[in-house]
Amino acid sequence: MAIWLTKDSKVIVQGMTGSEGSKHTRRMLAAGTNIVGGVNPRKAGQTVDFDGTELPVFAGVADAMKETGADATVIFVPPQFTKAAVIEAIDAGIGLAVVITEGVPVHDTAAFWAYNVAQGERTRIIGPNCPGIASPGASNAGIIPADITGTGRIGLVSKSGTLTYQMMYELRDIGFSTCVGIGGDPIIGTTHIDALKAFQDDPETDAIVMIGEIGGDAEERAAEYIKANVTKPVVGYIAGFTAPPGKTMGHAGAIISGSSGTAEAKQAALEAVGVKVGKTPTETARLMREIMSAS
């Protein structure tokens with residue numbers, strides 16, 4: 001079983017005809033994702049060939065949903081158009097919107113996040129500035145490599161794209177139910193807590209890996225949630241222990257205020273609620289492997 005993205009998900013791509021959208025549409029199709037069309041108002045009515053798979057282009061998300069039954073969208077549009085693309089997806093009532101675009105202005109993200117809340121949060125937003133979501137062996141929405149791990153019973157949620165890939169590779173012998181790259185911007189749609197809840201409720205996820213990084217307090221808040229709500233084993237990794245003090249590092253969300261937001265503070269918060277925290281991705285994978293072998 002997988003969370004949010006399954007083999008039955010019908011995916012469209014906003015920006016499918018652009019350079020990034022077309023490249024990753026081809027990759028997603030190769031991974032087995034059920035892509036049913038794309039959106040580009042200027043090319044509506046055309047079809048695009050992806051190595052023998054003909055995909056229609058629609059004028060808007062609502063049209064695409066009406067004609068194909070799509071329930072998920074992956075957004076590959078330039079930063080200046082991302083807010084409009086996400087709001088269009090929300091207005092259409094699509095269930096999942098994966099926003100890959102990097103460099104989206106924070107005030108734009110705040111605007112479409114607030115708009116989604118006002119509409120009753122019918123749409124689950126993942127991102128922006130994220131690698132997407134992959135349920136190995138079932139579907140892949142975004143830019144996560146599809147060939148580095150197989151299906152298994154570990155859930156993964158990560159701020160960092162590259163660390164998502166590394167952890168998938170480190171634990172490839174065990175495999176994953178779903179891997180979610182939530183992105184590291186100051187404002188994002190889906191949080192660590194959202195993913196923790198979904199994995200806790202998923203009967204085919206036995207354990208969870210949570211990857212965070214310096215800056216903000218998302219990991220401390222996740223620790224509080226784990227203490228109150230999560231009974232499955234959680235292993236954590238915090239990136240940034242070697243970051244020079246006083247330097248701005250990594251994602252735009254990596255802002256440290258006093259002791260809050262440091263790797264040490266995050267590690268302490270997680271360990272205080274029983275989460276085992278590795279000092280390196282490899283050590284984190286070893287901790288998870290020990291948990292899985294004992295179960």
Side-chain angles (χ1 to χ4, degrees), residues 1-5 27-28 30-32 100 126 129-184 190-192 195-196 198-200 202 204-214 218-219 222-223 226 230 232-243 249-251 254 263-264 266-267 269-271 273-295:
M1 191 172 178
I3 65 167
W4 303 328
L5 184 76
R27 289 182 59 259
M28 289 186 285
I100 305 298
I126 298 177
N129 187 19
C130 77
I133 176 171
S135 296
S139 191
N140 187 317
I143 62 174
I144 296 175
D147 57 354
I148 53 177
T149 194
T151 304
R153 301 181 68 88
I154 301 172
L156 171 62
V157 55
S158 173
K159 272 187 180 180
S160 165
T162 52
L163 290 175
T164 301
Y165 315 151
Q166 181 171 355
M167 192 57 61
M168 291 169 68
Y169 181 79
E170 295 269 5
L171 291 168
R172 64 194 182 282
D173 55 323
I174 301 176
F176 293 83
S177 54
T178 301
C179 305
V180 188
I182 58 175
T190 293
T191 66
H192 284 116
L196 288 165
F199 285 132
Q200 172 68 21
D202 177 20
E204 296 189 11
T205 296
D206 293 339
I208 305 164
V209 179
M210 190 186 94
I211 299 176
E213 60 187 19
I214 57 172
E219 293 81 2
I226 290 168
V230 179
K232 295 178 181 180
V234 181
V235 171
Y237 173 67
I238 305 298
F241 274 96
T242 59
M249 304 291 291
H251 288 130
E264 291 79 6
K266 293 174 184 294
Q267 177 181 354
L270 289 167
E271 289 181 339
V273 299
V275 175
K276 294 183 177 180
V277 181
K279 284 293 184 71
T280 66
T282 298
E283 181 185 355
T284 306
R286 178 184 60 78
L287 293 170
M288 176 53 73
R289 191 169 284 107
E290 291 174 355
I291 289 172
M292 297 301 286
S293 63
S295 62

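Given the structure is predicted, the values throughout are model-derived calculations rather than measurements. Side chains are part of it too, since the values below use all heavy atoms of this structure and drop only hydrogens, waters and symmetry mates.
The side-chain contact (heavy atoms from CB on, under 4.5 Å) test applied to Ile148 returns Pro145, Tyr165, Met168, not counting sequence neighbours. By the side-chain contact (heavy atoms from CB on, under 4.5 Å) test, Ala195 pairs with Trp4, Val157, Phe199, sequence neighbours left out. Legend: residues meeting side-chain hydrogen bond (donor to acceptor under 3.5 Å, both in side chains) with Gln166, ordered by chain and number and at least two apart, are Glu170. For Glu290, the salt bridge (charged side-chain N to carboxylate O under 4.0 Å, His left out) partners are Arg286, not counting sequence neighbours. Judged as a side-chain contact (heavy atoms from CB on, under 4.5 Å), and not counting sequence neighbours, the contacts of Ala222 are His192, Ile193, Leu196, Met210. Thr164 is linked by a side-chain hydrogen bond (donor to acceptor under 3.5 Å, both in side chains) to Ser158, counting only residues two or more places apart in sequence or in another chain. Here Thr280 pairs with nothing under the side-chain hydrogen bond (donor to acceptor under 3.5 Å, both in side chains) rule; sequence neighbours left out. Listed by chain and number, the residues in a side-chain hydrogen bond (donor to acceptor under 3.5 Å, both in side chains) with Glu283 amount to none (sequence neighbours excluded).
Atom OG1 of residue Thr190 and atom CD1 of residue Ile182 lie 8.0 Å apart, to the nearest 0.5 angstrom.
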Where do Ile3 and Val180 land on the side-chain contact (heavy atoms from CB on, under 4.5 Å) test, with the steps shown first? CA-CA 9 Å; Ile3 65 167; Val180 188; 4.1 Å; yes
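Identified under the side-chain hydrogen bond (donor to acceptor under 3.5 Å, both in side chains) test for residues 136-153, with sequence neighbours left out: Arg153-Asp206.
Within the 4.5 Å cutoff, no side-chain heavy atoms of Leu171 are placed close to those of Leu156. The side-chain heavy atoms of Leu270 and Ile238, taken from C-beta on, include a pair separated by under 4.5 Å.
Side-chain atoms of Lys266 never come within 3.5 Å of backbone atoms of Gly212 as a donor-acceptor pair (strictly under, hydrogens ignored). Of the possible polar contacts, one joining the Lys232 side chain to the Gln200 backbone as a donor-acceptor pair under 3.5 Å is found.
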